Number of protein chains: 2
Amino acid sequence: MATIRDVAKVAGVSVATVSRVLNETGYVHENTRKRVLEAIEQLDYSPNEVARSLFKGESRWIGLLLPDITNPFFPQLARGVEDELQKHGFHLIFGNSDENAEKELHYINTFMQNHVMGIIMATNQLGKTDYRGFPIPMVFLDRTPDGNPSVYADGVEGGRIAAREIIRRGSKRVTLLKGPEHIRPAQDRFRGALEELSNSNVDFYVMNTHSFSFQDATQWAAELFAKYADTDGIIASNDVVATAILHEALRLGKRIPDELQIIGFDDIPQSGLLFPPLSTIRQPAYDMGKEAARLLLKLIKKEKIDQRNVLMPVTFVERFTTRKVDARG
Amino acid sequence: MATIRDVAKVAGVSVATVSRVLNETGYVHENTRKRVLEAIEQLDYSPNEVARSLFKGESRWIGLLLPDITNPFFPQLARGVEDELQKHGFHLIFGNSDENAEKELHYINTFMQNHVMGIIMATNQLGKTDYRGFPIPMVFLDRTPDGNPSVYADGVEGGRIAAREIIRRGSKRVTLLKGPEHIRPAQDRFRGALEELSNSNVDFYVMNTHSFSFQDATQWAAELFAKYADTDGIIASNDVVATAILHEALRLGKRIPDELQIIGFDDIPQSGLLFPPLSTIRQPAYDMGKEAARLLLKLIKKEKIDQRNVLMPVTFVERFTTRKVDARG
DNA sequence: TTGAAAGCGTTACCAT
DNA sequence: ATGGTAACGCTTTCAA
């Protein structure tokens, strides 16, 4: 690996001059500039970012902390973050926290030791640790109780839409799954749907569920259909749960969507690949990632922020687990 | 951020001594050690990895370059890599190459500039760039033409198993999809299946297909069923393609698996969530990630390597797009 | 057992 | 327009 000194020697100039052409700062004669550029070419030199970072006290690294990249919602998000950072010459250091407060702290720590310029994190441990007054910018992929910068999807509205659409398409005995207590988006969705359902004239049944796992959901689904056999519409707390319910319904021979409608949440990539393809409330995961990266970059560059908490819109994706309805509703 | 100098000052010793207790190198009196530790505690000091890395000319970073984290096979792999690295105190710098040689080079470059100690990459551009004699260890997630270290799944055997199982379960008119020419695992699978099919007494039809995309596959599926309506077994080139075929078959009202059997490849997470759940040849993605990380770490530490090219076993995952057969076959 | 100082590869300041 | 050099925070000789 050639260093700036090697380049200086070959070009017959001082390291200061090389640095100047590298960074395009200060004066340097066109001829010397050429010589330096040639030397760089010849030696296949590229500057050592570590040294740069040490001197400047800054870097081009961003830490991204996700609960689990294996969870289908997150890859899109990560991709959005990476694409945006990449455009601005920043790089990602990545970790999985498994929703574990200890791991989370550990990663934040190593991020700091590695001079990252900012951190983007999704967590449900919010409130357990106080991140106000943190020495570097952080963006949360979720609302934060303390008003930290964040980007999040409009779960409440999502819940409302889900309820509205399932009612509008004719379900009369709706089942609403509550979702994990400690996961904020789940509770938002629940509240939104509950609100809309309460104001409607359909019967509905709330089922308490505590996880997002496929296994668990399969079991509730069985219980649900045993207990409430004539339900004709289910609002699931996310797409994975919706998938489990769909399976169980199919297994019981229910006709979807004629006999039973199902709406999920998230619009993870596989939802469109199910049979029948799942109708769901879409969170724009990729764009959320991009937005988070943008916000963080602004924070880092201390640009003016007009919106520290950006709310992303949510949309109904009509596929085939809900009935068609004519344009006028 | 406190520095080693601050600690030295508070503890009333030199930075050299602090460094010694930090690294547990050289002699240091128990009493001074205590004082230093207290100072560290008091200042909440942790060493600057960037400075460390600059001095040592080494780091705890590993670059991971994947085609696209959004592609369902890769998150598991990434997770395997991260878990293993994490255990050994290494961190991941991550990028998506999109199978684009230019991007690939760009990332490799930034990885190098950032002093990563090694690189793990999955690519189908192999051979376009010569990575022999590269200054840091690289592990490829695929076989490499030039014998670079690698970990890969046994595609040929996978193809054989797929063909064997579909024949054993009674398909008489098998369709084999070829998959993209330039993707090595796809060709391995194809060759394996072709071999087994050739040695069998079933009729078979090879369909040339050029991508792994869901959209494209949906189209071929339509063509396929039009052209070869009585095929009763399809070996797809991966699970995404298998899913598209499954859909099309369901749409045409075919009974699965009685009338038509389908086998995929990969065992991506959603394959078990399809309806009916997809039978497939499983690549152990998570373990492949772990194995790649282990191999790389060994390379970095210059430990003895008994196997520079590790072949991972592939298994048949029996679900419900293939027929049951009694234990004796 | 401890400290002083050089050096890792940069950048930026101050001279010239 | 160019060069010398201190400094970033650490580790590691070398001397004491």
Side-chain angles (χ1 to χ4, degrees), chain A residues 1-37 39-40 43-61 89 109-117 135-136, chain B residues 1-37 39-40 43-61 89 109-117 135-136:
Chain A
M1 293 275 98
T3 76
I4 197 172
R5 250 183 281 273
D6 301 325
V7 176
K9 200 173 296 172
V10 169
V13 298
S14 76
V15 293
T17 301
V18 178
S19 176
R20 273 191 284 264
V21 347
L22 242 30
N23 298 288
E24 310 193 359
T25 73
Y27 299 102
V28 35
H29 191 91
E30 188 50 31
N31 289 343
T32 43
R33 215 180 74 86
K34 277 226 182 72
R35 286 219 311 286
V36 170
L37 258 15
I40 289 176
L43 294 172
D44 192 21
Y45 164 80
S46 60
N48 181 332
E49 290 293 338
V50 177
R52 245 183 200 179
S53 162
L54 175 61
F55 179 83
K56 296 235 208 171
E58 57 179 59
S59 71
R60 318 238 36 157
W61 296 308
N109 215 355
T110 78
F111 286 165
M112 297 299 297
Q113 288 183 249
N114 289 284
H115 266 199
V116 301
M117 293 304 281
I136 58 168
Chain B
M1 293 277 97
T3 76
I4 198 172
R5 251 184 282 273
D6 301 326
V7 176
K9 201 174 296 174
V10 169
V13 297
S14 76
V15 294
T17 302
V18 178
S19 175
R20 275 191 282 263
V21 348
L22 242 31
N23 298 289
E24 311 191 359
T25 73
Y27 297 103
V28 36
H29 191 91
E30 188 50 30
N31 289 344
T32 43
R33 215 180 73 87
K34 276 224 181 73
R35 287 220 309 288
V36 170
L37 258 16
I40 288 176
L43 294 172
D44 192 20
Y45 166 81
S46 61
N48 182 332
E49 289 293 339
V50 177
R52 239 181 207 186
S53 161
L54 175 60
F55 179 84
K56 296 238 212 167
E58 58 179 60
S59 71
R60 319 238 33 157
W61 296 309
N109 214 356
T110 78
F111 286 165
M112 296 300 297
Q113 289 183 248
N114 288 284
H115 266 198
V116 301
M117 294 303 282
I136 58 169

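Being a predicted model, the structure only gives us computed values, none of them experimental. Order of the sequence lines sets the chain letters (A, B, ...), proteins ahead of strands, with each chain counted from 1. Every heavy atom of this structure was used, including side-chain atoms; hydrogens, water molecules and symmetry mates were not.
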**Message:** Could you check whether any side-chain heavy atom of A:Val7 comes within less than 4.5 Å of a side-chain heavy atom of A:Val10, counting everything from C-beta outward?
**Reply:** no
**Message:** By nearest atom, which of the nucleotides C:dA5, D:dT2, D:dC10 is closest to the B:Val15 side chain?
**Reply:** C:dA5
**Prompt:** Does B:Tyr45 have a side-chain nitrogen or oxygen under 4.0 Å from the phosphate oxygens OP1 or OP2 of D:dC10?
**Reply:** yes
**Item:** Expected output: side-chain A:Asn48 to main-chain A:Val50 donor-acceptor under 3.5 Å
**Value:** yes
**Message:** For B:Leu54 versus A:Ala51, what's the shortest heavy-atom pair and its separation?
**Reply:** CD1-CB, 3.8 Å
**Message:** As a test of reading the structure: which of D:dT2, D:dT5, C:dT11 is closest to the side chain of A:Ala16, going by heavy atoms?
**Reply:** D:dT5
**Prompt:** Does OP1 or OP2 of D:dT2 have a side-chain N or O of A:Thr17 closer than 4.0 Å?
**Reply:** no
**Nucleotide of D:dT11, C:dT10, D:dT2 approaching A:Asn48 most closely (side-chain heavy atoms)** = C:dT10
**Request:** Counting heavy atoms from C-beta on, name the nucleotide in D:dT11, D:dA7, C:dC13 closest to the side chain of B:Arg52.
**Result:** D:dT11
**Message:** Judged by each residue's nearest nucleotide on DNA chain D, which is more toward the 5′ side, B:Glu49 or A:His29?
**Reply:** A:His29
**Request:** Could you tell me the separation between the CG atom of B:Asp6 and the C1' atom of D:dC8, rounded to a whole number of Å?
**Result:** 13 Å
**Prompt:** To the nearest angstrom, how far is A:Arg20 atom CZ from C:dA15 atom C1'?
**Reply:** 11 Å
**Message:** Taking only side-chain N and O atoms of B:Thr3, does any of them lie within less than 4.0 angstrom of OP1 or OP2 on D:dC8?
**Reply:** no
**Asked** How would you label the contact of A:Val13 with the nucleic acid (heavy atoms, under 4.0 Å): base, sugar-phosphate, or nothing?
**Response** sugar-phosphate
**Message:** Which nucleotide wins on minimum distance to the side chain of A:Leu22, given the candidates C:dG9, C:dT11, C:dA5?
**Reply:** C:dT11
**Prompt:** Is the side chain of A:Arg20 donor-acceptor paired with the backbone N or O of A:Gly26 at a distance under 3.5 Å, no angle test?
**Reply:** no
**Message:** I want to confirm an ordering. Mapping B:Leu54 and B:Gly26 to their closest nucleotides on DNA chain C, which one lands closer to the 5' end?
**Reply:** B:Gly26
**Asked** Taking atom CZ of A:Arg60 as the centre, does the number of heavy atoms from other residues, nucleotides or ligands within less than 6.0 Å exceed 12?
**Response** yes
**Message:** If you define the side chain from C-beta out and look only at heavy atoms, does anything of A:Val21 sit under 4.5 Å from A:Arg35?
**Reply:** no
**Request:** Take the protein atom CG of A:Asn114 and the nucleotide atom P of D:dG9, then report the distance between them rounded to whole Å.
**Result:** 15 Å
**Request:** Find the distance A:Arg5:CZ to C:dG7:C1' and express it as a whole number of Å.
**Result:** 9 Å
**Prompt:** Nearest-Å distance, NZ (A:Lys9) to C1' (D:dT2)?
**Reply:** 19 Å
**Request:** Indicate, with a heavy-atom threshold strictly under 4.0 Å, whether B:Thr25 touches base, sugar-phosphate, or nothing.
**Result:** nothing
**Request:** Starting from C1' on C:dA12, measure out to CD on A:Glu58 and report it in whole angstrom.
**Result:** 13 Å
**Message:** Taking any heavy-atom pair under 4.0 Å as a contact, classify B:Ser19: base, sugar-phosphate, or nothing.
**Reply:** base
**Request:** Take atom CD of B:Glu24 and atom P of D:dT12, then tell me their distance rounded to the nearest Å.
**Result:** 13 Å
**Prompt:** Taking CZ from B:Phe55 and C1' from D:dT11, how many angstroms apart are they, rounded to a whole number?
**Reply:** 4 Å
**Request:** Would you classify A:Ser53 as touching base, sugar-phosphate or nothing, given that sugar-phosphate means primed atoms plus P, OP1 and OP2, and contacts are heavy atoms under 4.0 Å?
**Result:** nothing
**Proximal nucleotide (of D:dT12, D:dA7, D:dT2) relative to the B:Lys56 side chain** = D:dT12
